[in-house]
Structures are given as structure tokens and as C-alpha cells.
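Quick caveat: nothing in here was measured; it's all calculated off a predicted structure. Here is how names work: the chains are called A, B, and so on, in the same order as the sequence lines, proteins then strands, and each is numbered from 1.
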There are 2 protein chains.
Amino acid sequence: MGTIYDLAKITGFSITTVSKALNNYSDVSEKTKAKIVQAAADMGYLPNAHAQSLSTKRSWTIGVMFSEANEVGMMHPFFNAIIESFRKATEQQGYDLIFASRNLRNRDMSYLEHFQHRAVDGIVVICSDQMDKHVQQLIQSSIPIVVVDMDSTDCSVVFSDNLSGGTLAVNHLYELGHRLIAHIAGDMTIDAGLARIEGYKQAMDRLALPIPDGYLINGGFFSVEEGKQAMQTLLALPKRPTAVFVAGDQMAIGAMEAIHEAGLRVPQDISVVGYDDIEMSKYVTPKLTTVRQDTEQIGQHAANLLIEQIVNKRRVMTTDIIPVDLIVRQSTGPVTP
Amino acid sequence: MGTIYDLAKITGFSITTVSKALNNYSDVSEKTKAKIVQAAADMGYLPNAHAQSLSTKRSWTIGVMFSEANEVGMMHPFFNAIIESFRKATEQQGYDLIFASRNLRNRDMSYLEHFQHRAVDGIVVICSDQMDKHVQQLIQSSIPIVVVDMDSTDCSVVFSDNLSGGTLAVNHLYELGHRLIAHIAGDMTIDAGLARIEGYKQAMDRLALPIPDGYLINGGFFSVEEGKQAMQTLLALPKRPTAVFVAGDQMAIGAMEAIHEAGLRVPQDISVVGYDDIEMSKYVTPKLTTVRQDTEQIGQHAANLLIEQIVNKRRVMTTDIIPVDLIVRQSTGPVTP
DNA sequence: AAATTTATCGAAAGCGCTTTCGGTGAAATG
DNA sequence: CATTTCACCGAAAGCGCTTTCGATAAATTT
């Protein structure tokens, strides 16, 4: 591999000139530049990123933080898809992602500390809840940051148009003739869940549909199991809904399971529409009607928002709302009399 | 944040002593160590990782490589689960993961070059095929490495006992009375797929079951779509199988879809057993019988194997085979006469 | 021919940290 | 009391790179 010192020795130039040649400075002649570049190629020279970072105070790394609240890590298909898209976008610009945790060689430390230690150029936080102390700390810091799927005016954020999403779902069900529409919501601590609730409420209100007691139920943290439980509660209601809008696909899948286990059919007895459009949605039985979040866009926008802050060396607080689509499949159907 | 120079100024000691105090050297008195540590805490001092790496030639980072062959990236639930488990294990030891790609600030470079540039302490490669030039290059290099889900004698590897897996599946079907057992295989370039084929063949042989023409079919790169297509081919066979062992859950889900679309039922008409036990397996209809791979173990073992090489500064070539389990659910049933 | 630009290069300092090695004064030993 | 040991500390070099600033020689201008 070798260093610029080796290169200097070989070519007979100073390390200064070598460095300049490698970095395309204008005050080095084409001829010597060619020589040096050639020598570098010959010996398979690669600059040491740490030395570069130390010297330039730019590490070309982006720290990514997952909340540990809901123990999903990077396993959740939705967040996972976002990260993948984010990664592609940032990679193209030359950034590497580093996944940091709260522990560093036995020392317990905050995410911020970890990121400071690693001297990342920027931070992306995925899958978090507003209240998380660590997230707040990150937002308060001076490191460029973008947070996904959360609402805040203190930093750049990008999330889906969850309000419209809720409305889309309810309207779809309404058009199919449903009037008894329940909502299995995400936990209230999650902005996205909250907005979907709001969308649901607004839509119901606009359609002049009452929300019976118990029709708005907390499904927790979007897991299949919690969705199933919530649905069971719903099924036990005196006046059972004919349709249910579920704030996440995994929960929706759980809900469908509960329905099936109760001896009912989807969509003949109960229609269900999910949220996210994770890959599996189109493979469960029946195929899930759902509100699609554009993970591709979300990831890209987040990347752009972050990189812009990094290169311009100033924090900006943009709120980027990505539109959603309703994907109609087979878990919703006309209400049966 | 500050540096050790600041700390030196504040406490009145030299940077040498500061550094030693922070690193628990024995030749600094308890009293001054206490002072320095206190001052460090007060100012929120954090060591700069790049400076440390530069000086110690240890970066406490591990590079992870995904093959780009089958465009799944980190989206595939199986590899994803492995990485997650790997991450937890390495984090605990103080390592951060860095996801590198083949491009670095416009320059096109190999994975090896990228990792050398970043000066990672070790490399884990996930989701690859034997033939990949980049993987080979990594294996040839002198950086500690472990590769997952691939067989090789040139480096440490960890993968599931795919041979037993294939056998397990076939025997299970046999016990249910099936004699016409087909296999939707993964592409032959993938070691794991190859081993499962071998397991299938051996089991069939041991049971004295012939493998009719067309019963062993290539399902490509484990996608739902490819599984579906393979199953359609199988269904078009003159003598249709009563059971099929599929080399991956996603393919199996596709296969079930094909079966359903053909107006047949699982398992009454055709039994199917998958491979992997991805999370969705227990939520599709019918719930998928499958060979479970222990992603938790795989990730941990990979982490241990890698870290051992890093700390002992010598490459070792261990082959670590992780046992698999058959998870019987509802996609398999007794053959119907 | 003298004065001024211009092109090309290198010395040196600095980024923040580790580590070797030598130097103190105090305590222990004879 | 002289000598050896020990505990504690710091100077300095080094890790590999960037960047400022000055130096030199060649080219240009007057």
C-alpha cells in the first residue's frame, strides 16, 4: 500500500508535491502530476482515511442511529428500505455509513458522544420517538442532522404524508360502503402514528361518521402480535366494525390473523387496509390493501437534506413531506349487508 | 469537546500524562489520574477516533460487504437478521460497522481498496457468491475476514448445515407419505443452494425415491417471483409432485402463490416446505413449514471468529457449521390418495 | 538589460493521539 | 551515609496527510 512518503521517495518529489498532485492542485505541472499518479497506481497507493480526516476535519462518514425503544433494530422492513435507499444516495456522494451504538469499548456513552468520537460529518436518525433523550441530544447538537419519520421544527425532517394516508384509507373504505370503520393505531408517542390517527379522525368527521367507543384502539409498536391483540379486542366489541384501518402492515397482518382465527373472512366479513406496503403485503392471503409509503423517496430526500447541510456547513430545518399512495389489493371489499 | 492539549493545560500536566491517565497506564499516580479524569468529564472530552486510529493502527471498525449480484442489499430478511446479530455481537466488543461500497468520491474502486482506505480492522462478507471477484480479492488479502453463507477453505466461514436441512425437509415429507417430492433449488452458483440440493438428493436416494425428470428445478436467486415461476413449471409437469421442498422461504411463498393460482390447495393438494424461517413465514397462509436457520447463532459465531483473528493478529480458517431445525407448520400435510 | 510575473516546487507546521525512553525526587536498602 | 530501587512524570518522535507560505527559476514585460 504505502504512504505519500514512499511516493515521494520513488518519484523524487516532496510529499507536498505528491499530495498536491494526488489532489489535483493547480500548482503542479502536468508532467510531474502524471509521474506521481502513475507511481501511485503502480504501488496500489490508497490514502489513509484517518489521516485525511484528522487533517481536513472531514471524515466522509455519516452516523446512523436507530432507536432502541422498539427493539426492531434494522430488521423492520420499512426502516430497512429507507436505510437502503439512503445508503445508495449517500454512497454516490462518497459517504460511508457507520452504525454506532451506545457502547464503546466498555464505556457507556450517548449516541452523540459516540458520533463525536467518530467525528462523523452528519447524522441520520431513523425509527425513533420524539421523546427519546438521545434523539433530542442529537438534535440539540451542532452536527448536521436529518431525522426520518418524525416531526420536529428543530431540525430537518422527512416523513410521509400520514394525514393524507389516514384519509385515503378511510375514504376508500367509505366508498366500498363501510360505515363502521375502526382504527388500530400506533402508539401515541410516535409522530407517524399520531398523524394517521388524525387523518382517520378528520376523514371520519368529514364523512359525518361517528367513531364509536373502542373503535380507536392503540396497537402499540407496530408488531404483528400487537396488531393481532388489538383486533381481538375489536372483535369483542358489541358492535363489531365492518372495516378496519391499521396503522402498519405488520399490525394489519396480525389483525387479519385474528380475524381468521375468529372464523371470519377478509374481506367478506371485515375489510382491512394496512400502512407501509412492505414487501410481504402482496404475498399474504388475502393480499393486503395498504397505504404505500415511498421509502425510495424518503431515503433520497433525507440524504440530500443531510448532504446539503454538510457541504454548506450550516444547519437547515426543512420539513419534507412525501406523498403516499393507496394500493388496493384484496383485503378490502364492498360491505356485505 | 477539546483535546488532550486542553486537558493538559487545564490540569497542568503534560499531554503524555493526560493520555496515560486516560488510558489507565500504571505509571501515573491515582491522584493525578483522578484529577485528569475529572477534568475530562467536566469538559466532555472525547478522544478523536481518527487520531487514535492513526496512532495505534487500530480503527475499531469492521467493514461489511454485501454482494451486489442479487440486488437485495440489506433488504433480504435472512441476511438482514444475520447482520443485526453480528452487529450486536461486535458492538459489544467496541467495534462499529461501516458499510462500504465500490465508489469513493467519484473514484471507482474495489471493495478491498475501499476497506484499505478506511483501514478497517476486519471484514465480514455477507450474501455473496463464490465467484465474485471482489470476494476473492478480499479473501486473498491479509485483512482478517469472515464470510457468511459460503463455503471456502481459504478463510473462516460460517454457514448453516444445509445438507442436513435438505434431508430434514425431505424426510419430513416422506413421513407424511409423500413420494413425489420436487425441489425448487437456488442458483447453482450459491453454495448454500448447492448444499441443499445435495441434501435433497442424498435423502431421496436414501429413501430409494427416484427423482423424476424436471423435479429438480432452478429457482434462481431466491425471490418470490422466481419461486412462483419455478412452481408453475413444476405444475405443468405430466406427473405433478405432491410435495415440494423449496430452498428459500421467499421462493416458497411464491410457490404457494402459484399453487393457489392454479386452483390447488396447500397442503391438501401439494405440501410445501421452505427454508430460512423468515419472520413472515408464520404469517402467510397457510403458515409455512420450513427449515429454520439460526441467524442469531450465525451472526454471533461470525463475530467471534472475526474478532478472534483481529485480536490475535493472525488469520485463521475455521469452518463453522450451524445446525438447523425443521419447523412444522401448516403448509405440509399427509399425502391425499 | 532590468524589473516583474508566472509556473512550479518544498519546508514546516499542524491535525490529535500514543508510546518509548530518559529524568527526577523519594523511599528502600546496604 | 551512600547506593539502589521505585513511583511518577514529560520531551520528543511518530502515525499519514493537508495547507500555508515562501523560494526559485523561467518567462514575460518594460
Pair of N/O donor and acceptor under 3.5 Å linking [N] base with [X] side chain:
X       : N      : result
B/Ser14 : D/dA11 : no
B/Tyr5  : C/dC17 : yes
B/Asp27 : D/dC9  : yes

Over how many whole Å does the gap from [X] atom [atom1] to [N] atom [atom2] extend?
X       : N      : atom1 : atom2 : value
A/Lys35 : C/dT8  : NZ    : P     : 13 Å
A/Lys57 : D/dC17 : NZ    : P     : 18 Å
B/Asn48 : C/dT18 : CG    : C1'   : 13 Å
B/Met1  : C/dC17 : CE    : C1'   : 12 Å
A/Lys20 : C/dA7  : NZ    : C1'   : 12 Å
B/Tyr25 : C/dC17 : OH    : P     : 14 Å
A/Leu7  : C/dG10 : CG    : C1'   : 16 Å
A/Leu54 : D/dT18 : CG    : P     : 11 Å

Look at [X] and [N] and indicate whether a side-chain polar atom (N or O) is within less than 4.0 Å of OP1 or OP2.
X       : N      : result
A/Tyr45 : D/dC17 : yes
A/Thr16 : C/dC9  : no
A/Ser29 : C/dA7  : no
A/Asn23 : D/dT18 : yes
B/Gln52 : C/dT18 : yes

* **Pair B/Met65-B/Val135, side chain to side chain contact (heavy atoms under 4.5 Å, CB included): steps then yes or no** => CA-CA 9 Å; B/Met65 174 210 180; B/Val135 176; 3.8 Å; yes
* Please report the C-alpha distance between A/Glu84 and A/Arg87 in whole Å, then the side-chain angles of each, then the deciding distance to 0.1 Å, and finally whether the salt bridge (Lys or Arg N to Asp or Glu O under 4.0 Å) criterion is met. => CA-CA 5 Å; A/Glu84 179 66 10; A/Arg87 184 176 69 89; 2.9 Å; yes
Tell me if a side-chain donor or acceptor on [X] pairs with a main-chain N or O of [Y] at a distance below 3.5 Å.
X        : Y        : result
A/Asn312 : A/Arg314 : no
B/Thr318 : B/Asp320 : no
A/Ser55  : A/Ala51  : no

Please classify the nucleic acid contact of [X] as base, sugar-phosphate, or nothing, using heavy-atom distances under 4.0 Å.
X       : value
B/Ser19 : base
A/Thr32 : sugar-phosphate
B/Leu46 : sugar-phosphate

* Asked: Can you tell me if B/Thr17 and B/Ser14 form a side-chain donor-acceptor pair at under 3.5 Å?
  ->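 Yes, a side-chain donor-acceptor pair sits under 3.5 Å.
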If you look only at distance, which donor and acceptor atoms sit under 3.5 Å apart when one is on a side chain in residues 25-37 of chain A and the other is two or more places apart or in another chain?
residue: A/Asp27; atom: OD2; partner: A/Lys20; partner atom: NZ; Å: 3.0
residue: A/Ser29; atom: OG; partner: A/Thr32; partner atom: N; Å: 3.3
residue: A/Thr32; atom: OG1; partner: A/Ser29; partner atom: O; Å: 3.4
residue: A/Lys33; atom: NZ; partner: A/Asn24; partner atom: OD1; Å: 3.1

* Asked: Closer to the 5' end of DNA chain D via nearest nucleotide, is it A/Ala51 or B/Ser26?
  ->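 Looking at DNA chain D, the more 5' nearest nucleotide goes with B/Ser26.
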* Sub-4.5 Å side-chain heavy-atom contact between A/Val311 and A/Gln93 ->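 In short, these two side chains do not touch, never coming nearer than 4.5 Å.
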* Using the C1' atoms of the five pairs at each end, what is the angle between the end axes of the helix from C/dA1-D/dT30 to C/dG30-D/dC1, to 10°? ->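 Helix axis angle between the two ends: 50°.
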* To do: Could you say whether A/Lys33 or A/Ile15 is positioned toward the 5' end of DNA chain C, judged by the nucleotide with the nearest heavy atom to each?
  =>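 In this pair, the answer is A/Lys33.
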